[in-house]
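Within every chain, numbering begins at 1; the chains are lettered A, B, ... in the order of the sequence lines, protein sequences first and strands thereafter.
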Amino acid sequence: MTISMRAWLRNLGKGLLVLIAAGVAAEGFLRLVVEPESMLRLGFTPGVQVPDDAFGFAFKGGYQGYMRDRDGVFGVPLALDANGFRLANANRRPGPRSSVVLIGGRSMMFCFGLLDRESVSGQLAAQSGHALEVQNAAWVGVDLYRMWHLFRQRLEGDRSWRVAVIGVYRETPEGFMDVPADFRRPPKPVPAEVFFRWKDGNVIWPMGVPLQTLLGRYYYRSFVGYGVLSFVDEVLGKLGVRLVQGSEEPEGAGEIAADPKALGLERYRGFLRHMDRELARHGTKMLVAFLPGVNLPPGYYDELAAAVPEGIPWLDLEKELGGRLSDYRSISNGHYGPEQARLIGGRLSQEVDRLLEGGMAAPRPAAPPEGAERGVR
Amino acid sequence: MLFNSGTFIVFFAVVLTLYWLLRDYRLQNALLLVASYVFYSAWNWKFLFLLMASTIVDYIVGLRMNKAATPAGRRMYLLASLSFNLGMLGFFKYFNFGIESLAVLLQQIGLTPHLPTLYVILPVGISFYTFQSIGYTLDVFRRKREPIRDPLVFAVYVAYFPQLVAGPIERSTTLPPQFEKPRTLTGEDFRIGSEWILLGYFKKVVIADTLAPMVDYVFTHPRDTSGIVSLVGIVAFALQIYGDFAGYTLIARGISRWMGIRLMQNFRRPYLARSPRDFWTRWHISLSTWLRDYLYVGLGGNRKGGTRTYINLMVTMLLGGLWHGARWNFVLWGAYHGVLLVICHALGVGKGETRARPVVVLGQIALTFLLALGGWLLFRVASMDQLGAIVENIATNFRWTPDLHFYVRPTLTMFALLVAYHVWQEKRRDEFILLHANQWLRFGAYAFMVLTIVSFRFTPVAFIYFQF
């Protein structure tokens, strides 16, 4: 071995040692300055979710912790009630108090990153002209069908609900293919290790992220490792590389459907009718609210709005408020900021007040584009 | 197009490759101009016309002023340039502020005004490029330089993309001459540029962007946190704004250096300042020296006696505050620093060059930092109501809470890291301390920075100073 070769190897060894030392220093530094839930994008301090036989996971009743995210959410306190829902918001208007429940709408209706009083349910209560108590029954990452069944299991008999607002966010006709034909049937549990993983009592969704799906919980061992792997994942994702394919089939996949959108729309219509009927049995009025989002394409909910059965009041908040939302700051990758939630809560409160006063909600807007009804049988 | 976005990295890679492929510096200038206009258009192409208008007006004014036979003629051209630039700045930046302030005033005397409010969009970087342009016409007026005859050179000087939207505000005597001759790239330039870019990204991505959510929460929820948290939030903002702005400047200087162009230093370890006077020789140097040379000196500086000096200082700092934006908190921030500078002058407190015992120096630095924090509180608040709530929270709600460590740990860690690096630089009096360090230490520091930047790399956050 020549001297220069030996020197080269010695330098390589030194370089590797320095690299390891830098990695250790970076790991220590990161752990000092960022909380795990923010670094690893868990969203909540540990222990917010628990395994659930029926639903795969559920939010933990009595949880007290914080919401945290790298994009504008820092240590927002969160308390969940015994059922695992966000605490109800009540106003101080005089008179007998009416109960309103917000079902579905995923993290947007849950209002990730907002205090209770800033959330849509808090703002609905604050801006209503009636004495109201508003219960939030939306969970992050959980679709409308599952939330409906959770509502029935945990809340339906709890109070006398006057109005139920059904939050629809980023649902598509095809998505309702996943809903069973018999709406009384609970949804299939979301299988862990296919759709999500556990990390210190928090659920994480690795789907569609190649290395994260492949490495599972090992992905989250080190902050630096997570950061570097996420970077590689982003590159792989942009290149369209999928190392592991999801294998879960939707409920309706076995049925022969020439037009999955038509079948999805039919399921959706039926599901809305079912909810309306079930709620009406308990004297609860239903209002469907299509929730706005940042950068949703124009007319995003047209087909779903057109398919709402006659007699069920609905509001396309995306159409009404979508343009105005961009005037205000959103947080955590497009979730509602306080001003946006105030706007949505205010608009919902008008319709809820109208329903409480015995009227219907706002008249339907102009007819949807021609052909939008075609798929509805 | 943010420096911390993938789009910019691709854009700059293309520009840099083409730049060095073109051997002729005039062609390089043409490329820089096109790249700068593309860079600016990526934000809003309509406002490119403002940038072009400012370029054309000041180019012509410079030439005509030089040809004017009489001082009155020169003054007329100067006034034309000032009216155009300040008029443009005033309209886009201060129109609504004026209307809204008038409305509040009229309401207070019992009137109900219905004044038109135009929701004017503020063109990015307008304060920077108009000041740079005004600086040029003032230099020609004062005969500090000849007018620039090559329109391409002048256009690149006004629109040069690395410093177009957030400075440094370059002088007509230093930047344009670099566009008038061939540029070279030495190994030293490349190394310095690389280190600045890396340090810049570290300051922006790791320091500023990590503290940003905390600062946002503390300032928007003063009644939901304890007074200690509010105080920590102000310290965090001091670090955030430094990391954000100094980070931007370092990236701008680094990418310029890779193109063989040198931009001025804009920050020199400001939190080691020993007095408010010293602070202003270290913080946003390109603006503070611009205000000193073109405004303070123009008003008479310290040549007309004590009282006049104090008035000049106050006027300069008030306008410096207002330069940041049309909000009362910026005016207050300027006034606050004006008062601090007046006190320094009155007490004969110098620029921090005098020798003193270490404990005294430490005390001076700590006091200056505390005074700077007072300024940052005024600077960051969104309203007077928010200011009142934070002050009240600090004064009346100073208590320990279980979530305090969320705020204290990152703030103290960042603070310690930054101070350690700056003390090292200050002690050795070496701006390139890392570049001159042992190669393994340097390699380790670079690896540390790369690993933390990659790990922190989330959604790009806009630079704070883009709004000015």
Side-chain angles (χ1 to χ4, degrees), chain A residues 11 14-35 37-39 41 45 64-77 113-115 117-118 222-232 234-235 238 327 329 331-334 337-339, chain B residues 6 119 202 205-207 209-221 223-225 229 232-233 236 239 382 401-417 438-462:
Chain A
N11 280 345
K14 274 185 186 173
L16 281 173
L17 276 178
V18 170
L19 198 59
I20 291 167
V24 171
E27 184 74 24
F29 176 77
L30 292 177
R31 285 181 183 271
L32 274 173
V33 299
V34 204
E35 299 298 326
E37 55 274 14
S38 186
M39 181 72 208
R41 303 188 197 200
T45 46
Q64 298 252 352
Y66 295 89
M67 290 179 272
R68 210 190 300 278
D69 183 82
R70 302 232 345 115
D71 178 18
V73 181
F74 187 90
V76 179
L114 295 184
L115 294 168
R117 67 163 190 274
E118 295 171 332
S222 139
F223 282 16
V224 171
Y226 174 85
V228 174
L229 289 173
S230 298
F231 177 70
V232 178
E234 204 174 298
V235 176
K238 280 184 180 157
D327 292 344
R329 192 175 67 103
I331 54 171
S332 185
N333 200 21
E339 293 85 4
Chain B
Y119 282 92
F202 182 81
V205 177
V206 179
I207 296 180
D209 291 356
T210 305
L211 294 171
M214 180 210 293
V215 173
D216 282 349
Y217 187 72
V218 171
F219 276 84
T220 51
H221 295 82
R223 292 181 178 92
D224 297 301
T225 53
V229 167
V232 174
L239 299 173
T401 51
D403 61 344
L404 196 60
H405 67 99
F406 291 150
Y407 300 86
V408 172
R409 201 156 20 89
T411 308
L412 275 186
T413 308
M414 300 287 195
F415 185 79
L417 188 72
N438 167 289
Q439 63 162 334
W440 295 113
L441 178 61
R442 198 168 70 237
F443 174 59
Y446 292 163
F448 171 82
M449 284 193 273
V450 168
L451 286 172
T452 47
I453 291 168
V454 168
S455 302
F456 271 88
R457 171 207 44 86
F458 291 100
T459 319
V461 179

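Considering all non-hydrogen atoms of both residues, Val73(A) and Pro213(B) come closest at N-CB, 4.2 Å. Between Ala22(A) and Ala447(B), the closest heavy-atom pair is CB-CB, 3.6 Å. Taking all atoms of both residues into account, the shortest heavy-atom contact from Phe223(A) to Ser455(B) is O-OG, 4.0 Å. Nearest heavy atoms, Arg409(B) versus Leu32(A): NH1-O, 3.1 Å. What you find for Arg70(A) and Asp209(B) is that their closest heavy atoms are NH2-O, 4.3 Å.
For chain B, the nearby parts of Val76(A) are the backbone and the side chain; heavy atoms of each come within less than 4.5 Å. Only the side chain of Val34(A) comes within contact range of chain B, judged by heavy atoms closer than 4.5 Å. For Asn11(A), the parts lying under 4.5 angstrom from a heavy atom of chain B are both the backbone and the side chain. Both the backbone and the side chain of Ala25(A) come within less than 4.5 Å of a heavy atom in chain B. Only the side chain of Glu118(A) has a heavy atom closer than 4.5 Å to any heavy atom of chain B. Contact of Asp403(B) with chain A is made through backbone and side chain together, with heavy-atom distances under 4.5 Å. Contacts between Val206(B) and chain A at a heavy-atom distance below 4.5 Å involve the side chain alone, from C-beta outward. Only the side chain of Arg117(A) has a heavy atom closer than 4.5 Å to any heavy atom of chain B. With a threshold of 4.5 angstrom between heavy atoms, Leu417(B) approaches chain A through side-chain atoms but not through N, CA, C or O.
Here Met214(B) is the residue among Met449(B), Met214(B), Met414(B), His405(B) with the most heavy-atom pairs under 4.5 Å with chain A. For the options Thr413(B), Val215(B), Leu211(B), heavy-atom pairs under 4.5 Å to chain A are most numerous at Thr413(B). For the set Leu115(A), Leu229(A), Ile331(A), the entry with the most heavy-atom pairs within less than 4.5 Å of chain B is Leu115(A).
Inter-residue side-chain proximity for Arg68(A) and Phe406(B) is flagged as met; some heavy-atom pair is nearer than 4.5 Å. Leu17(A) is not listed as a side-chain neighbour of Trp440(B), based on a closest heavy-atom distance of 4.5 Å or more.
Separation of atoms CG (Leu30(A)) and CZ (Phe456(B)) is listed at 5.0 Å; rounding is to 0.5 Å.
Remark: of the listed residues Tyr407(B), Phe219(B), Tyr217(B), Tyr407(B) is the sole one forming a ring-ring contact (aromatic ring centres under 6.0 Å, His included) with Phe74(A).
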